[in-house]
Amino acid sequence: MKQTVELAAHYYLDNFLRLCRTVDARYGDLLTGDERAVLECFHKLSFDSQCLYIRLISRTGPWFRESKVQYREIDSLDTCIDELLANNMAMLAEGLDTEELNSLFTRAELQSAFAAQLPKDKYGSKAALIAAIDTLDLTSAALQKNLGSSEPGRILTPLHFEFIELLQLLFFGNRHQSLTEFVLEDIGITRYFPYSLNREERLFKNRAAVDEYQLCAAFADEHYDALALEDWDALPRLGRRLAKLNVQHGSSLRRYHSLCNRLARDLERMEEFGVALSLYRHSERHPARERQVRILEKRGDWKKAKRLCLQIIETPWCEAEQEAARRILPRVERKLGGSATTRRRDQFKTCALSIPRGDRSVERLAAQSLSQDWHTVHYVENRLMNTLFGLAFWEEIFMPLPGVFHHPYQGGPADMFEQGFRERRAAAIEARVNVLLNGSLSVLLPQAYRRYQSNFCHWTDWRHIDEQLVRDSCQLIPNAHLVAIFERLLFDPRENRSGFPDLIALGKQPGDYRLIEVKGPGDALQDGQKRWLRYFDRQGIPAEVLWVNWTDD
DNA sequence: AGATTTGTGG
DNA sequence: TTCACACGTTCGT
DNA sequence: GAACGTGTGTCTCCACAAATCTGG
Ligand SMILES: [Mn+2]
Ligand SMILES: [Mn+2]
């Protein structure tokens with residue numbers, strides 16, 4: 001992409017200093033004495049050394065070769081490294097293990113460094129060469145010494161990496177955003193809606209909340225690493241430790257519950273049902289209770305399974321959960337000697353289509369075939385309705401309620417997908433729904449499209465949904481239908497943002513449209529798709545399932 | 001040698 | 001370092 | 001039909017270079 005904005009040569013340091021100022025103002029009181037000392041030490045460094053430190057911190061290390069560290073804006077690298085070392089902001093390597101060798105040196109360098117011990121041209125890949133070096137069983141000092149001729153400079157790592165991570169965590173409130181957000185916005189790659197920040201309410205109430213978040217994050221990393229290494233034995237142990245945690249701060253509960261669910265699911269596959277159950281019991285996030293029922297059923301614990309089913313049906317966390325319980329309950333009751341209950345089957349409007357196989361997806365082939373009967377057919381899945389929803393409720397989504405906007409780089413409020421999103425904005429949403437019902441969506445939504453275009457929002461997809469499609473959809477879909485769809489999205493934004501049909505077919509007159517879910521041979525409706533189809537049925541929204549088979553079979 | 005993956009920086 | 005979807009297999013009714 | 005596992009495209013950017021892999 002062509003560069004349109006000129007950034008200062010040390011833009012990254014400016015960004016980091018901005019982050020520091022913000023965090024210090026908001027959370028300065030939560031930092032420990034040691035952490036404040038590191039910050040102070042950093043600020044006392046020379047300008048160029050500060051630049052170097054931030055450059056290193058933002059690259060993938062942890063180790064760096066001096067010869068691979070070169071920046072136009074940093075004059076005397078040698079002096080800067082000395083300064084970092086002297087101030088305990090970096091340290092030199094004293095020996096390297098084979099894995100570190102792997103990421104520091106090229107295959108060719110390693111080959112020639114170990115030419116004396118290992119035959120040349122014998123290893124088909126770098127991984128094989130590394131494995132061979134590992135079997136030499138050299139000390140880490142010896143390993144580093146061997147590479148001395150490949151690297152004339154020093155090998156160093158920046159220190160206090162965890163503290164820098166802490167600063168970013170305090171700024172963003174999560175681990176997946178970082179300093180790159182700043183530059184992406186600065187050069188115009190991403191744009192965020194200028195909602196007003198309400199910094200009265202802090203995400204982390206106290207230091208304990210921060211520590212708890214980081215503890216959960218460490219567990220998540222352990223889980224991830226164990227899966228990557230296929231270290232199955234580690235999972236039950238990890239599960240038992242995780243179940244002992246007493247997580248209580250709102251800022252980490254959601255992540256804790258998700259982690260419990262993910263790990264417990266893995267433990268189920270290993271038939272570690274006891275640990276899995278205890279993790280699910282700690283989780284307040286779907287599908288924790290559903291999974292508990294399934295484990296109880298698998299164990300033949302019919303009575304407990306039935307009791308939990310009834311509890312779910314009575315007070316469900318979401319529709320999917322209630323549906324699962326209704327599906328399982330008759331099975332369990334039959335085992336308990338109960339009566340056979342018949343469940344009514346879904347009767348969706350269906351349609352069949354025979355077309356030849358092609359080089360594109362079944363959805364695109366079906367769309368092409370249908371375009372003979374319709375003015376236009378679009379393959380949109382969730383994108384269209386989600387975009388329309390975002391446009392319709394933009395101002396309500398970005399309402400500056402306390403504690404929902406922590407920094408300027410959010411695509412929606414913190415509680416967007418939490419229970420109570422609608423309740424907390426009840427009056428505003430109510431008023432907006434009335435405006436939409438009584439106004440013309442085909443005017444309002446294209447207007448909104450132009451006004452908010454390219455601002456990042458969890459709902460809108462500016463790339464795939466253009467203004468014309470928004471206009472056409474709103475002209476052909478009756479207001480009442482769209483508002484009915486919006487109501488359901490408002491009811492449970494998390495659960496209902498998916499499951500929309502693949503295609504929308506548009507005619508030429510208002511009301512002349514259809515939502516079409518394409519199903520190829522062997523495919524079946526998913527639960528979320530069924531829920532939307534049932535709702536469309538109740539609301540009189542035209543939708544159908546198109547079963548495709550290949551003519552050449 | 002060409003294709004693919006990874007790291008980097010703005 | 002996910003999420004939503006399609007696709008393939010197995011099992012029980 | 002129900003439940004489960006797995007593969008795929010896509011992640012809030014894109015250009016460029018270096019390193020590595022691949023297959024002949
Ligand atoms: Mn689909
Ligand atoms: Mn489909």
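Per chain, numbering begins at 1; letters A, B, ... match sequence-line order.
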Is the shortest side-chain N/O distance from [X] to OP1 or OP2 of [N] below 4.0 Å?
{"X": "A:Gln529", "N": "C:dA6", "answer": "yes"}
{"X": "A:Arg497", "N": "C:dA4", "answer": "yes"}
{"X": "A:Arg107", "N": "D:dT20", "answer": "no"}
{"X": "A:Arg175", "N": "C:dT1", "answer": "no"}
{"X": "A:Lys68", "N": "D:dA19", "answer": "yes"}
{"X": "A:Arg269", "N": "D:dG5", "answer": "yes"}

Which residue lies more 5' along DNA chain D, comparing A:His464 with A:Ala324 via nearest heavy atoms: A:Ala324
So if I take every side-chain heavy atom of [X] and compare against [options], which nucleotide ends up nearest?
{"X": "A:Thr60", "options": "D:dG1, B:dT8, D:dC11", "result": "B:dT8"}
{"X": "A:Arg463", "options": "D:dT20, D:dC13, C:dC5", "result": "D:dC13"}
{"X": "A:Arg327", "options": "D:dA2, D:dG5, C:dC5", "result": "D:dA2"}
{"X": "A:Arg294", "options": "B:dG10, C:dT1, D:dA3", "result": "D:dA3"}
{"X": "A:Ser498", "options": "D:dA3, D:dC13, C:dC5", "result": "C:dC5"}
{"X": "A:Arg265", "options": "D:dT12, C:dA6, D:dC4", "result": "D:dC4"}
{"X": "A:Phe456", "options": "D:dG5, C:dA6, D:dT12", "result": "D:dT12"}
{"X": "A:Leu184", "options": "B:dG10, C:dT1, D:dA19", "result": "B:dG10"}
{"X": "A:Arg345", "options": "D:dC21, D:dG1, C:dA6", "result": "D:dG1"}

Quick one: is the NZ or CZ of [X] closer than 6.0 Å to the six-membered ring centre of [Y], and within 45° of its axis?
{"X": "A:Arg289", "Y": "A:Trp317", "answer": "yes"}
{"X": "A:Arg488", "Y": "A:Tyr535", "answer": "yes"}
{"X": "A:Arg55", "Y": "A:Tyr12", "answer": "yes"}

Parallel, tilted or perpendicular, as decided by the 30° and 60° cut-offs, for the rings of A:His458 and A:Phe417: tilted
Mutual orientation of the aromatic rings belonging to A:Phe172 and A:His407 [parallel < 30°, tilted 30-60°, perpendicular > 60°]: perpendicular
Please work out if [X] contacts a base, only the sugar-phosphate, or nothing of the nucleic acid, heavy-atom cut-off 4.0 Å.
{"X": "A:Arg191", "answer": "nothing"}
{"X": "A:Glu297", "answer": "nothing"}
{"X": "A:Glu290", "answer": "nothing"}
{"X": "A:Tyr11", "answer": "base"}
{"X": "A:Arg383", "answer": "nothing"}
{"X": "A:Gln526", "answer": "base"}
{"X": "A:Thr190", "answer": "base"}
{"X": "A:Gly124", "answer": "nothing"}
{"X": "A:Arg331", "answer": "sugar-phosphate"}
{"X": "A:Tyr71", "answer": "sugar-phosphate"}
{"X": "A:Asp186", "answer": "nothing"}
{"X": "A:Arg291", "answer": "sugar-phosphate"}

[X] has an atom [atom1]; how far is it from atom [atom2] of [N], in whole Å?
{"X": "A:His176", "N": "C:dC3", "atom1": "NE2", "atom2": "P", "value": "11 Å"}
{"X": "A:Glu495", "N": "C:dA4", "atom1": "CD", "atom2": "C1'", "value": "14 Å"}
{"X": "A:Lys126", "N": "B:dT5", "atom1": "NZ", "atom2": "C1'", "value": "12 Å"}
{"X": "A:Leu227", "N": "C:dT1", "atom1": "CG", "atom2": "C1'", "value": "12 Å"}
{"X": "A:Asn382", "N": "C:dA6", "atom1": "CG", "atom2": "P", "value": "10 Å"}
{"X": "A:His458", "N": "D:dT10", "atom1": "NE2", "atom2": "C1'", "value": "16 Å"}
{"X": "A:Glu181", "N": "B:dG9", "atom1": "CD", "atom2": "C1'", "value": "15 Å"}
{"X": "A:Phe105", "N": "D:dA19", "atom1": "CZ", "atom2": "P", "value": "13 Å"}

Nearest-nucleotide comparison on DNA chain C, the residue closer to the 5′ end among A:Lys335 and A:Ala524: A:Ala524
Other residues, nucleotides, ligands: >12 heavy atoms within 6.0 Å of A:Arg345 CZ: no
What interatomic distance, in whole Å, is found between [atom1] of [M] and the corresponding atom of [N]?
{"N": "B:dT4", "M": "D:dG9", "atom1": "P", "value": "14 Å"}
{"N": "C:dT1", "M": "D:dT8", "atom1": "P", "value": "23 Å"}
{"N": "D:dC11", "M": "B:dG2", "atom1": "C1'", "value": "28 Å"}

Opposite nucleotide pairing with C:dC3, Watson-Crick or G-U, both atom distances under 3.5 Å: D:dG9
Of all pairs that satisfy side-chain hydrogen bond (donor to acceptor under 3.5 Å, both in side chains), the ones with a partner from residues 214-230 of chain A, not counting sequence neighbours: A:Arg175-A:Asp221, A:Glu222-A:Arg241, A:His223-A:Asp266
Side-chain ion pair, A:Arg534 and A:Glu323, N-O less than 4.0 Å: yes
Residues A:Lys519, A:Glu517: salt bridge by 4.0 Å N-O rule: yes
